[in-house]
There are 2 protein chains.
Amino acid sequence: MTTAKPGRRGRPGYDLESLLTVAVKLFNERGYDGTSMEDLSKKLGITKSAIYHHVPSKEEMLRLAVDRALDGLFAVADEVADGDGPAIDRLERLVRGSVAVLVERLPFVTLLLRVRGNTKVERAALARRREFDRIVTDLVKAAEAEGDVRPDVDPAVTSRLLFGMVNSLIEWYRPRGGASGDELADAICKIAFSGLRRG
Amino acid sequence: MTTAKPGRRGRPGYDLESLLTVAVKLFNERGYDGTSMEDLSKKLGITKSAIYHHVPSKEEMLRLAVDRALDGLFAVADEVADGDGPAIDRLERLVRGSVAVLVERLPFVTLLLRVRGNTKVERAALARRREFDRIVTDLVKAAEAEGDVRPDVDPAVTSRLLFGMVNSLIEWYRPRGGASGDELADAICKIAFSGLRRG
């Protein structure tokens with residue numbers, strides 16, 4: 001149950017990164033509330049004080065993990081906001097960039113999307129998610145104002161449905177043996193922007 | 001904390017239906033694993049043996065609840081399978097009918113979609129969900145074979161993304177003050193079948 005390398009004795013060599021990877025996996029399996037520092041200590045095969053050497057609390061691990069997801073998504077949003085071109089093209093770039101973040105940081109985004117708001121860290125994460133939703137909605141509105149998006153769907157509903165597709169990846173996407181992130185982004189953009197129906 | 005009617009004394013009059021409603025709400029708030037019969041007994045204001053009078057176990061409540069969602073979805077699927085017309089139209093009817101089930105049975109579908117497979121009941125629910133996914137995928141394939149759906153997206157991925165949109169409702173749809181089920185179904189079908197892009 002330890003990750004000690006062959007030939008190495010004593011306490012396995014976790015750093016913050018590898019510790020976080022194990023913690024996030026456990027949080028996703030059992031729920032954040034359902035995972036105790038005791039569970040984590042057993043899973044890692046190190047003492048609780050060895051964990052506290054790296055990170056002050058379970059909640060701080062949660063914060064680091066959901067920020068890993070949120071920082072990725074906001075980096076894409078900032079890049080798109082600074083970019084030129086029609087809003088509909090920027091919206092497509094935002095969708096493609098978000099899919100790339102989901103695929104690259106799947107366990108972190110999974111954890112983020114399951115956050116329910118029971119703690120301060122979770123409420124802060126939900127507030128940042130709402131901010132991201134607003135950015136998407138504003139882009140849909142801008143694309144509609146530019147005449148590129150159909151005017152008969154509500155921009156807020158559209159942005160929810162668009163990211164409903166993107167976020168569903170956490171439920172069914174398996175990195176090994178499945179489609180690549182680019183292929184998934186292509187499929188989402190074809191369906192969302194041009195529709196399933198054959199022209 | 002009890003639901004005793006005014007003027008009525010003693011044990012509040014739960015039947016299986018009202019007991020299930022409270023249980024599902026609690027399961028959705030705290031997670032199924034995180035909710036004990038003790039929690040439920042406190043929330044209902046009745047003893048555990050009063051609960052057991054209606055239902056033999058917590059897992060049986062879960063089974064009744066997720067079947068409420070699954071039976072609704074399969075009723076729509078059966079209706080569509082027995083129907084006539086092009087597969088693309090039947091696919092649209094399946095999407096519309098599923099949205100109606102989600103909106104009408106929101107807490108039950110929410111619980112179903114969060115099931116992770118830790119118990120026998122949960123694994124049975126996941127198996128029925130996979131069966132439903134196959135029905136959707138087969139309809140997408142049929143619509144593609146009839147030349148009505150673009151051939152450049154994988155039918156399995158398409159069915160996941162389509163129901164990614166539908167299922168996202170459990171995350172953001174609020175029955176009061178929001179769009180109606182029909183309006184949501186319209187928005188989903190417009191985006192998924194015709195695309196966001198204008199003309």
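Below, chain A is the first sequence line, B the second, and so on; all start at residue 1.
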Residue [X] versus chain B: region with a heavy atom under 4.5 Å:
| X | value |
| --- | --- |
| A/Arg160 | both |
| A/Glu183 | neither |
| A/Arg30 | neither |

### Task
Could you please state which residues from residues 145-159 of chain B sit under 4.5 angstrom from chain A, measuring non-hydrogen atom to non-hydrogen atom, sorted by number, or 'none'?
B/Gly147, B/Asp148, B/Val149, B/Arg150, B/Pro151, B/Asp152, B/Val153, B/Val157, B/Thr158
### Message
Only heavy atoms, only distances under 4.5 angstrom. Which residues in residues 120-139 of chain B are near chain A?
### Response
none
### Summary
Residue from B/Asp33, B/Leu169, B/Asp186, B/Ile188 scoring the most non-hydrogen pairs under 4.5 Å with chain A is B/Ile188
### Task
Could you have a look at B/Gly31, B/Gly195, B/Ala192 and say which one has the most heavy-atom pairs with chain A under 4.5 angstrom?
B/Gly195
Kindly compute the distance separating [atom1] ([X]) from [atom2] ([Y]), expressed to the nearest 0.5 Å.
| X | Y | atom1 | atom2 | result |
| --- | --- | --- | --- | --- |
| B/Leu161 | A/Trp172 | CG | CH2 | 5.0 Å |
| B/Arg198 | A/Glu144 | CZ | CD | 8.0 Å |
| B/Asn167 | A/Glu171 | CG | CD | 8.5 Å |

### Message
Is it the case that over 12 heavy atoms from other parts of the model lie below 6.0 angstrom from the CG atom of A/Asp182?
### Response
no
### Message
Tell me if the CD atom of A/Glu29 is crowded by more than 12 foreign heavy atoms within 6.0 Å.
### Response
yes
### Query
Looking at B/Ser168 and A/Gly164, what are the two nearest heavy atoms and their distance?
CB-CA, 3.5 Å
### Query
Is it the side chain or the backbone of B/Ile88 that comes within 4.5 Å of chain A heavy atoms, both, or neither?
side chain
